[in-house]
Amino acid sequence: MQVAVVTFDGFNELDSFIAAALINRCREDGLEAFITTPGPVVTSRNGVEVSGQRPLEFVGEADVVLVGSGVRTRDVIADDRLVARLPLDPSRQLIGAQCSGALVLDRLGLLDGMPVCTDTVSRPFVEARGVTVLDAPFHAEGNIATAGGCMASQYLGAWVISRTLGDEAARAVVDYTAPVGEKRETVERVLRALRAGEAAALR
């Protein structure tokens, strides 16, 4: 199973790298994430240059697509040619968005009235598009999930692992990466956020 972590110029390092790093703890179980970019190199909001591991067209074959956040997301959704390179399909893919990545899901017509999670800076721009924003770090409905706040990227990564390999695999990865002395409460918090985000959709 392959995961495309879509990463545009101006990206937030925490959003792309945390989710990718968590997922790549599961390589031996057949789950692997790749930084997926529209060009050979992208530059973060802090000037960090990163070489893409896969071209943007990889999203068409990936089993999971996570759309990262960044300071140029509004430029992304205004670029028709760039948007056309994102043929996402929730009927056969797990699709997640981090923070302003929710704007991309809305631009692609994937939300269909679904509320989202996003960061406080992106919130007014998401709401201006008529999308309801939740005061929560994570929300999922079916094969689509959103996370709000940089550190909520751990929820998005754990969601992918849970949905593809099961809760125990997600629990093991979160436990491994959690701060020493805080492992149990971190695992419980992450799994609780996933269940709460999924249960909210059923109410």
> Under 4.5 Å between any side-chain heavy atoms of Ile18 and Met151, yes or no?
yes

> Glu32: what forms a salt bridge (Lys or Arg N to Asp or Glu O under 4.0 Å) with it, not counting sequence neighbours?
Arg27

> Please list, chain by chain and in numerical order, all residues satisfying salt bridge (Lys or Arg N to Asp or Glu O under 4.0 Å) with Arg192, sequence neighbours excluded.
none

> With the threshold set at 4.0 Å, does a side-chain nitrogen-carboxylate oxygen contact exist between Arg195 and Asp167?
yes

> Without hydrogens or angle criteria, can the side chains of Glu13 and Asn46 be said to hold a donor-acceptor pair below 3.5 Å?
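There is such a pair (donor and acceptor under 3.5 Å, judged by atom type) between the side chains of Glu13 and Asn46.
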
> For a quick check under 3.5 Å, do Ser153 and Gln98 share a side-chain donor-acceptor pair by atom type?
no

> Give a yes or no on this: more than 12 heavy atoms of other residues, nucleotides or ligands lie within 6.0 Å of atom CD of Glu182.
yes

> Are the charged groups of Asp80 and Arg107 less than 4.0 angstrom apart, N to O?
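Salt bridge flag = yes for Arg107 with Asp80.
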
> Can you tell me how far apart CG (Asn12) and OG (Ser69) are? Round to the nearest 0.5 Å.
6.0 Å

> Using the rule that Ile, Leu, Val, Met, Phe, Trp and Tyr join whenever any side-chain heavy atoms are under 4.5 Å apart, tell me whether Tyr155 and Leu134 fall into a single cluster.
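No; tracing contacts between hydrophobic side chains, which count when under 4.5 Å, never links both residues.
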
> Can you list the steps and then say if Asp15 with Arg45 is a salt bridge (charged side-chain N to carboxylate O under 4.0 Å, His left out)?
CA-CA 12 Å; Asp15 294 349; Arg45 62 181 297 161; over 6 Å; no

> Quick one: do Glu185 and Arg189 make a salt bridge, cutoff under 4.0 Å?
no

> Between Leu82 and Val50, is there shared hydrophobic-cluster membership here, with clusters defined by ILVMFWY side-chain heavy atoms closer than 4.5 Å?
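Different clusters: Leu82 never reaches Val50 through Ile, Leu, Val, Met, Phe, Trp or Tyr contacts under 4.5 Å.
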
> Between Thr7 and Thr37, do the side chains contain an N or O donor and an N or O acceptor separated by less than 3.5 Å?
no

> Between Arg92 and Asn143, do the side chains contain a donor N or O and an acceptor N or O under 3.5 Å apart?
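Arg92 and Asn143 do not have a side-chain donor-acceptor pair below 3.5 Å.
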
> Do Asp63 and Val3 have side-chain heavy atoms sitting under 4.5 Å apart?
no

> Under a plain distance cut-off of 3.5 Å, with no hydrogens placed, do Ser91 and Asp89 share a side-chain donor-acceptor pair?
yes

